[in-house]
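Scroll down for the structure; my scribbles are underneath it.
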Amino acid sequence: MLFDIDSSLGLSVAFIVGLLYIPLLLAIARTLGLYAIVNEREAQVFTLFGKVIGTLDEPGLRFPLGYFGPKALLVPFFGKLYRVSTTLRQHYLRDQMVNSEEGTPMGVGIWYEMRVSDPVAYLFRNANPDASLQANVASSTISTLSNLEMDKMLEDRHQLSRRVRATVSPLSEQWGYQLGSVYIRKVAFTDRQMVDNITEKVVKRLVQVTSAMKQDGENRVGLIKSETAFNVSQQMAEAAATRPAIVGEALNAIAQQDPEVLDAVMEVMETEQLIHSGAKVEMLPAGAELMVQVG
């Protein structure tokens, strides 16, 4: 029974010691270069005596001894390990000053993305590759956009962006970069007075266009009204011309059937015409022929 207690106590102590020493042993093994952990979007460059012996860029647990041979064991003592991030990075350069063909000063904002494609060239071919790439993009943008017509500078940004990328890409590849999308996002006027003048011209032009549209609408409405009035008057004239014919046909039909009715209708019509004419009418009693002769 005592033996069982001692053995279980010994196992517990061994387990605790293992928990304490295993991470320490792994850290020592990693320091000595027995293994390396490569993260996602990362490259590790191994140098020995100032010379590059190899690069690990596949993520996971890697053993440099299997890639580079016994030289990997000398790296912790006589070499150096460089960790280079290969993630996609984006930059935006503001207010790059250019002059249009008309001599107008303008500020250009350019956005671009890049990532490290050659870690060795990135580390050793340029002392400051990030700043050099930014300067290269800025100078290429200025050289591409300078002395262009203002309309082309404002409207053809897609084509100009492709030209900037084609200019920058060869040199960026020498520095270990792979240039992604390049886009001219903003073209703005830097002279405040010029901005005010352009705004005033635009406002005046909008007022002119609005007035022209309003006048054109009024002209169209007037034309529609005149055409409608003409059609109505034409229809009324045709109706007025048709009425005598219809009345005449009706009177002829009445005359054929009953002449007395026709005489009565004619008397009524004559009376109506006399009343509507406003003529003065004098009424005389029957048998007043003497008064007529005297009158």
Side-chain angles (χ1 to χ4, degrees), residues 38-45 47 52 55-59 80-203 205:
V38 182
N39 298 320
E40 291 285 345
R41 296 295 182 180
E42 182 186 65
Q44 295 184 5
V45 180
T47 61
V52 178
T55 303
L56 296 178
D57 54 5
E58 295 182 2
K80 190 174 182 180
L81 172 61
Y82 296 90
R83 300 178 184 272
V84 180
S85 174
T86 59
T87 56
L88 187 67
R89 287 176 278 178
Q90 299 176 348
H91 295 276
Y92 182 59
L93 302 179
R94 302 176 182 272
D95 298 331
Q96 303 300 310
M97 301 303 299
V98 297
N99 290 326
S100 65
E101 186 181 26
E102 298 83 1
T104 304
M106 307 185 73
V108 177
I110 184 165
W111 171 88
Y112 67 95
E113 59 184 13
M114 43 73 67
R115 70 178 186 87
V116 177
S117 59
D118 187 350
V120 177
Y122 171 78
L123 290 173
F124 303 111
R125 288 191 180 179
N126 195 316
N128 192 351
D130 292 338
S132 299
L133 181 61
Q134 291 186 13
N136 191 16
V137 172
S139 61
S140 299
T141 302
I142 294 173
S143 62
T144 301
L145 300 183
S146 293
N147 299 323
L148 288 179
E149 297 179 0
M150 187 183 301
D151 295 341
K152 187 173 182 180
M153 192 181 302
L154 295 174
E155 297 174 1
D156 298 342
R157 289 187 291 175
H158 297 284
Q159 181 180 358
L160 296 174
S161 299
R162 288 194 293 269
R163 288 175 56 183
V164 173
R165 184 181 186 279
T167 304
V168 177
S169 291
L171 190 57
S172 65
E173 292 174 358
Q174 295 180 10
W175 296 337
Y177 282 120
Q178 181 180 0
L179 196 64
S181 300
V182 177
Y183 186 65
I184 299 172
R185 294 185 58 184
K186 182 180 180 181
V187 178
F189 298 99
T190 58
D191 190 351
R192 184 62 187 176
Q193 183 177 0
M194 180 174 294
V195 174
D196 294 339
N197 293 336
I198 293 175
T199 304
E200 184 179 358
K201 291 181 180 179
V202 171
V203 172
R205 181 58 179 168

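No experiment lies behind these values; they were computed from the predicted model shown.
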So how far is it from H91 NE2 to I110 CD1, rounded to the nearest 0.5 Å? 13.0 Å

Going by the rule side chain to side chain contact (heavy atoms under 4.5 Å, CB included), which residues pair with S181 if we only count those two or more places apart in sequence or in a different chain? W111, E113

Partners of A166 by side chain to side chain contact (heavy atoms under 4.5 Å, CB included), sequence neighbours excluded? none

Do you know which two heavy atoms are closest between A43 and P119, and how far apart they sit? CB-CG, 3.6 Å

To the nearest 0.5 Å, how far apart are CG in N126 and CG in L133? 9.5 Å

Not counting sequence neighbours, which residues clear side chain to side chain contact (heavy atoms under 4.5 Å, CB included) with R162? List them please. H158, Q159

Quick one: list whatever passes side chain to side chain contact (heavy atoms under 4.5 Å, CB included) with N136, sequence neighbours left out. S139, S140, V168, L171, W175

With rounding to the nearest 0.5 Å, note down the distance linking OG1 in T86 to CG in D118. 12.0 Å

Which atom pair, heavy atoms only, marks the closest approach of R165 to G180? NE-O, 2.6 Å

So how far is it from L88 CG to R41 CZ, rounded to the nearest 0.5 Å? 8.0 Å

For a quick test of reading the model, state the closest non-hydrogen atom pair linking D57 to V38 and the distance between them. C-CG1, 4.3 Å

Considering only residues two or more places apart or on different chains, which pairs with a residue in residues 84-94 satisfy salt bridge (charged side-chain N to carboxylate O under 4.0 Å, His left out)? R89-D130

In this structure, CG of L81 is separated from CG of L56 (nearest 0.5 Å) by 8.5 Å

Using the side-chain contact (heavy atoms from CB on, under 4.5 Å) rule, take L93 and V137 through it: C-alpha gap first, then chi angles, then the decisive distance, then the call. CA-CA 9 Å; L93 302 179; V137 172; 4.0 Å; yes

Partners meeting ring pair (Phe, Tyr, Trp, His ring centres under 6.0 Å) with Y82 (sequence neighbours left out): F124

Got Y112 and V164 here, is their nearest side-chain heavy-atom distance under 4.5 Å? no

What are the two closest non-hydrogen atoms of P129 and Y122, and how far apart are they? CG-CE1, 3.4 Å

In Å, rounded to the nearest 0.5 Å, how long is the span from OG1 of T87 to CE of M114? 8.5 Å

